[in-house]
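All residue numbers refer to positions in the sequence shown, counting from 1. Read the numbers this way: they start at 1 and go in the same order the structure lists the ligands and their atoms.
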Amino acid sequence: MKNWEQDVKKVLFHQEEIAIRIKELAGAINEYYGDKELVLVGILKGSAIFFADLARELSCPVMFDFMCVSSYGSSAVSSGMVDIKKDLTTDIAGKNVLLIEDILDTGNTLHELLPILSERKPASLKLCCFLNKPDRRQKPIQADFTGFYIPDEFVVGYGLDYNENYRNLPYVGILKRNVYEDCE
Ligand code: XMP
Ligand code: MG
């Protein structure tokens, strides 16, 4: 049986550090929204684990919804186009929406997605990303809440995948280059 951990070059954030940071992040979100009702919109699939952990630390009333958009396919390079595979079921008009993303990389996905959501006239639209790679940004997208800033490395675990694998690793690790270079 394959040992997925052997493909990880270095652990960036251990499970315990992630839990601590998520509590801090939730504290900032709780403070910002107070007792306002919030629609948490998770971008599938990468944000699933972060979404579940963060949601349970929030004290404001929250509703859940999810979108599935494709940007990368199975490659490690952004296409700059967003294709909505699954849309929201909630009408977000007049609602406070907090978008939950796994990682803000080039910003191309959100550059396309944010205007689509804004057109639906939410009362507010903010962005919370678990990871943020500022060195890679191609579009001027900024997160309102960020878990961790990371260097320009391809990372997996805690929801993040390569070719749909590694999502269930409980930590965030840098993927060995040969894993994705051999596949190209
Ligand atoms: P952009 O470039 O549009 O990309 O900001 C956002 C999406 O790209 C994926 N992505 C990654 N996935 N490890 C991953 O597992 C990474 O290092 C990485 N960088 C970008 C991710 O799906 C994200 O939502
Ligand atoms: Mg992905």
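Checked by distance only, ligand 1 and L110 stay at 3.5 Å or farther apart across all their nitrogen or oxygen atoms. Checking only distances, V155 does come within under 3.5 Å of ligand 1, N or O to N or O. Ligand 1 has no nitrogen or oxygen under 3.5 angstrom from a nitrogen or oxygen of Y162.
Heavy atoms from other residues, nucleotides or ligands lying under 6.0 Å from CD of Q142 number 12 at most. Atom CG of D35 has 12 or fewer heavy atoms from other residues, nucleotides or ligands within 6.0 Å. Crowding of K45 atom NZ: a count of heavy atoms from other residues, nucleotides or ligands under 6.0 Å not exceeding 12. Annotation: E31, atom CD; neighbour count of heavy atoms from other residues, nucleotides and ligands within 6.0 Å does not exceed 12.
With a heavy-atom cut-off of 4.0 Å, E101 touches ligand 1 through its side chain alone. Only the side chain of D102 comes within 4.0 Å of ligand 1, judged by heavy-atom distances.
Those atoms of ligand 1 with a heavy atom of K133 less than 4.0 angstrom away are 16 (C), 17 (O), 18 (C), 19 (N). With ligand atoms numbered from 1 in the order given, ligand 1 contributes 17 (O) to contacts under 4.0 Å with heavy atoms of E153. Counting the atoms of ligand 1 from 1 in the order shown, those under 4.0 Å from a heavy atom of T109 are 1 (P), 3 (O), 4 (O), 6 (C).
In this structure, Y32 and F145 have perpendicular ring planes: the angle between them is above 60°, well past the 30° mark.
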- R137 and N132: side-chain hydrogen bond (donor to acceptor under 3.5 Å, both in side chains), yes or no, with the steps? CA-CA 9 Å; R137 206 77 85 247; N132 196 330; 2.6 Å; yes
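D161 counts as a contact of ligand 1, since one of its heavy atoms falls under 4.0 Å from the ligand. In this structure, G46 falls outside the shell of residues with a heavy atom less than 4.0 angstrom from ligand 1.
Ring centers of F51 and F66: under 6.0 Å apart, within the cut-off.
In the candidate list L175, L131, I103, D152, I103 is nearest to atom 6 (C) of ligand 1, counting heavy atoms.
No hydrogens or angles considered: a donor-acceptor pair under 3.5 Å links the side chains of D7 and Y166.
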